[in-house]
Structure formats: structure tokens, C-alpha cells
Amino acid sequence: MDDQISSTTPSYGFQRDEEEEYRADEHVKSLMDDAADLSLREADAKAPDNDDILDLAGGAKDALERHRSTLPRTEEPLLDFTDPEPEPSSTSKLEPEAVKPAPISAFGDATAKPTKSEEKEEETSVTPSKSKSCCSLVDLLYWRDLQRTGVVFGASLFLLLSLSVCSIISVISYVALALLSVTISFRIYKGILQAVQKSEDGHPFKMYLDKDVGISSELVHKYGDTALAHFNSLIKELRRLFLVEDLVDSLKFAVLMWILTYVGALFNGLTLLILGLIGAFSWPVIYEKHQAQIDHYYGLVNKQIKDVLGKIQAKIPGAKPKTE
């Protein structure tokens with residue numbers, strides 16, 4: 001019996017020890033797992049999320065931009081964080097502001113310079129304004145504006161033809177009646193049209209009624225002085241011709257008057273005015289188209305006339321040729 005007990009007792013104790021060691025190992029492992037889980041949780045709690053990283057980066061960028069805004073424009077920051085797709089920020093607004101002073105100064109210089117050029121343009125524009133009436137007359141005679149020239153030429157020719165048929169009083173009366181019939185008819189038509197449409201357009205000729213049609217005193221003095229100068233020169237020239245200051249010129253004038261006696265027998269004054277009007281509106285255009293041929297034949301005729309006058313002047317006693 002004792003042998004059996006002694007033989008079984010060690011085996012039981014050894015098995016018990018193994019179980020205790022196994023339990024201790026399991027406990028250690030569980031403790032290690034718990035410690036590892038705890039460390040992982042602490043690491044997760046300490047590790048920042050992506051959103052937190054972005055918030056931190058955005059805050060750093062805003063702080064850097066505020067620092068840049070406080071710096072002078074000539075200075076440049078040491079650090080520069082650039083995104084792959086830059087967004088509009090305060091730095092992008094500062095660039096146009098830095099460029100603004102240059103255009104302002106340039107504009108100031110430009111405004112100072114054009115004043116001189118504008119003054120020059122005004123000075124040069126004064127001379128064309130003086131010859132504006134002369135240029136308009138030349139354009140009228142050379143048919144630069146067909147509509148305007150046609151109206152002026154047609155109205156003038158119609159008036160002269162009417163004067164050749166009727167008296168001047170009849171012509172003025174008929175023209176006035178025709179003009180009144182047109183204006184009165186148009187005034188009544190516009191009044192009826194406004195009454196039907198219930199509109200308030202006003203007088204149809206209001207634009208022309210408000211226009212100033214008076215003649216200024218400066219214009220009267222300008223053309224009055226010009227006409228007076230031409231009249232005085234005409235009187236002096238007639239005095240010179242009739243008092244025979246130059247015999248050749250007086251003879252030329254006498255020949256011209258003798259030719260005009262035949263012209264007067266064939267035509268009256270209105271016919272001459274009609275022919276002169278037609279020639280004034282046709283001769284410049286013809287001369288412009290055939291200037292070379294006309295100048296050639298005019299030179300030949302002028303040379304022949306000078307030769308004839310030179311021979312006549314040489315035979316007349318006391319006549320002295322003019323020095324050119």
C-alpha cells in the first residue's frame with residue numbers, strides 16, 4: 001500500500017505543477033495582450049487624424065499669410081508654402097496693389113504730355129476752320145458730295161429759269177406758297193396722327209424752331225470787311241483803267257467792253273447767269289479730268305495772244321511793256 005502511494009504521489013504533484021505553470025503562462029499572456037491593447041489605444045489617442053493635420057496646416061498657412069501682410073512690400077518672406085492648385089488669397093490681392101502706383105504715375109505723365117499735343121492739335125485745327133468755307137465751296141463745285149451739290153445746283157438753276165419766265169415778285173410768291181403748302185400739310189398730318197395715337201410728340205418742327213438762325217455780328221463784320229476790301233479794289237482798278245494809267249490795260253478793257261456789246265445783244269443778264277452757273281458746276285470737273293490737254297492748248301493760245309499784244313504795243317507810241 002505504501003508502495004502504491006509513493007509511486008502515485010510524485011506523478012500527481014508533477015501534473016499539478018504543470019497545470020500551475022500553464023495557468024501562469026496564460027495569465028502572463030493575457031496581461032501582455034492587455035498591455036499591448038492599452039498601448040495601441042494610447043497611440044491611437046495620441047496620433048492626430050487627417051482632419052487635424054489639415055487644420056494644423058491651414059492654421060500655419062493663415063499665420064504665415066498674416067505675417068506676410070505685415071511685412072513691407074519690398075521684403076520677401078523666407079518661407080513659401082505653395083499648393084499644387086493655389087487658391088485666391090490675400091497675397092494674390094496684394095500684387096495688383098503693388099502695381100497700381102506705377103500706372104497712376106504713368107497716367108499722370110501721360111495727362112501732362114497730351115495737354116501739349118492737344119494744344120498743338122487745337123492750333124492746327126484753327127487754320128482748317130478758317131478755310132472751311134472755301135473748302136466747302138470747292139467740294140461743292142467739284143461734286144465731292146453728289147447729293148448736296150445736286151440739291152444746290154438744281155435749286156439755283158430752277159430759280160434762274162423761273163426768273164427768266166416770270167417776274168421776281170411772281171417767283172417769290174409761288175415759292176413761298178409751295179413751301180407753306182408743304183409745311184402746313186405736314187403740320188396737320190402730324191396733329192391728326194398724334195390725336196389718333198394719343199401721343200405727346202409735340203410740334204413737328206420744334207427742332208428747327210429752337211435752332212438759332214440769327215446772323216452774328218462777327219460774321220457780318222467778317223464778310224462785310226471782305227466785301228468792302230473787294231469794293232475798294234474794284235473802284236481803284238476802274239479809276240486806273242478809265243484815267244488811262246496804263247494804255248495797254250485801258251485798250252484791253254475797251255476791247256472787252258466792245259465784245260460784251262455783242263454778247264448783250266444775243267443774251268440777257270439772266271441767260272448769262274444761267275450759263276455762268278452751268279459753267280461753274282461743270283468746268284471744274286471737266287478741267288480735273290482733262291487737265292493736261294487743256295493746259296497745253298491754253299499755253300499755245302496764251303503765247304499767241306502775248307505775241308500779238310507785243311506787236312501792237314511796239315507800234316503804239318508811248319506804250320511801255322510791263323516788266324514781268
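Both backbone and side-chain heavy atoms feed into the values below; hydrogens, waters and symmetry mates do not.
- Each of Phe242 and Val248 belongs to its own hydrophobic cluster when Ile, Leu, Val, Met, Phe, Trp and Tyr are linked at side-chain heavy-atom distances under 4.5 angstrom.
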Could you pull out all donor-acceptor pairs under 3.5 Å where a side-chain atom in residues 147-157 meets a protein atom, sequence neighbours excluded?
from, atom 1, to, atom 2, distance (Å)
Thr149, OG1, Leu140, O, 3.2
Thr149, OG1, Asp145, O, 2.8
Ser156, OG, Val152, O, 2.8

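- Connection of Phe158 to Val171 is not established within any shared hydrophobic cluster, with ILVMFWY side chains joined at heavy-atom distances below 4.5 Å, either directly or through further cluster members.
- Atom CD1 of Ile184 is separated from atom CG of Leu179 by 9.5 Å, given to the nearest 0.5 angstrom.
- Annotation: Ile169, atom CD1; neighbour count of heavy atoms from other residues, nucleotides and ligands within 6.0 Å does not exceed 12.
- Expressed to the nearest 0.5 Å, how far CG of Asp246 lies from NZ of Lys252 amounts to 8.0 Å.
- For Leu234, the side-chain contact (heavy atoms from CB on, under 4.5 Å) partners are Leu238, not counting sequence neighbours.
- Of the inter-residue distances, the one linking Leu273 atom CG with Leu161 atom CG reads 11.5 Å to the nearest 0.5 angstrom.
- With respect to Lys190 and Asp201, no salt bridge is recorded, no charged nitrogen being found less than 4.0 Å from a carboxylate O.
- Taking CG from Leu180 and OG from Ser185, the interatomic distance works out to 10.0 Å, rounded to the nearest 0.5 Å.
- Taken together through direct or relayed side-chain contacts under 4.5 Å among Ile, Leu, Val, Met, Phe, Trp and Tyr, Val165 and Ile172 form parts of separate hydrophobic clusters.
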Just distance, no hydrogens or angles: give the donor-acceptor pairs under 3.5 Å from side chains in residues 202-213, sequence neighbours left out.
from, atom 1, to, atom 2, distance (Å)
His203, ND1, Phe205, N, 3.0
His203, NE2, Arg187, NE, 3.2
Asp212, OD1, Gly214, N, 3.1

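- A donor-acceptor pair under 3.5 Å is formed between the side chain of Thr226 and the backbone N or O of Lys222.
- Residues Thr271 and Asn268 have side chains that bring a donor and an acceptor to within less than 3.5 angstrom of each other.
- Of the inter-residue distances, the one linking Leu270 atom CG with Ile168 atom CD1 reads 9.0 Å to the nearest 0.5 angstrom.
- Put simply, the side chain of Asn232 gets close to the backbone of Leu228: a donor and an acceptor are under 3.5 Å apart.
- Under the 4.5 Å side-chain criterion, counting only non-hydrogen atoms from C-beta, Leu266 is not in contact with Tyr262.
- Taking Met257 as the reference, Phe253, Leu260 meet the side-chain contact (heavy atoms from CB on, under 4.5 Å) condition, with sequence neighbours excluded.
- A continuous path of hydrophobic side-chain contacts links Ile188 to Val196 [ILVMFWY only; heavy atoms under 4.5 Å].
- Trp258 is not connected to Leu247 by any chain of hydrophobic side-chain contacts under 4.5 Å among Ile, Leu, Val, Met, Phe, Trp and Tyr, and they are in different clusters.
- With 3.5 Å as the limit, one finds no donor-acceptor pair spanning the side chains of Ser170 and Ser173.
- Other residues, nucleotides and ligands place no more than 12 heavy atoms under 6.0 Å from the CD1 atom of Ile215.
- Alongside Leu193, the hydrophobic cluster contains Tyr189 (criterion: ILVMFWY side chains under 4.5 Å).
- Smallest separation of non-hydrogen atoms from Leu241 and Ser250: O-OG, 2.8 Å.
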Using atom types as modelled, flag every donor-acceptor pair under 3.5 Å from a side chain in residues 274-293 to any protein atom, sequence neighbours excluded.
from, atom 1, to, atom 2, distance (Å)
Ser282, OG, Ile278, O, 2.6
Tyr287, OH, Asp295, OD1, 2.8
Tyr287, OH, Asp295, OD2, 3.4

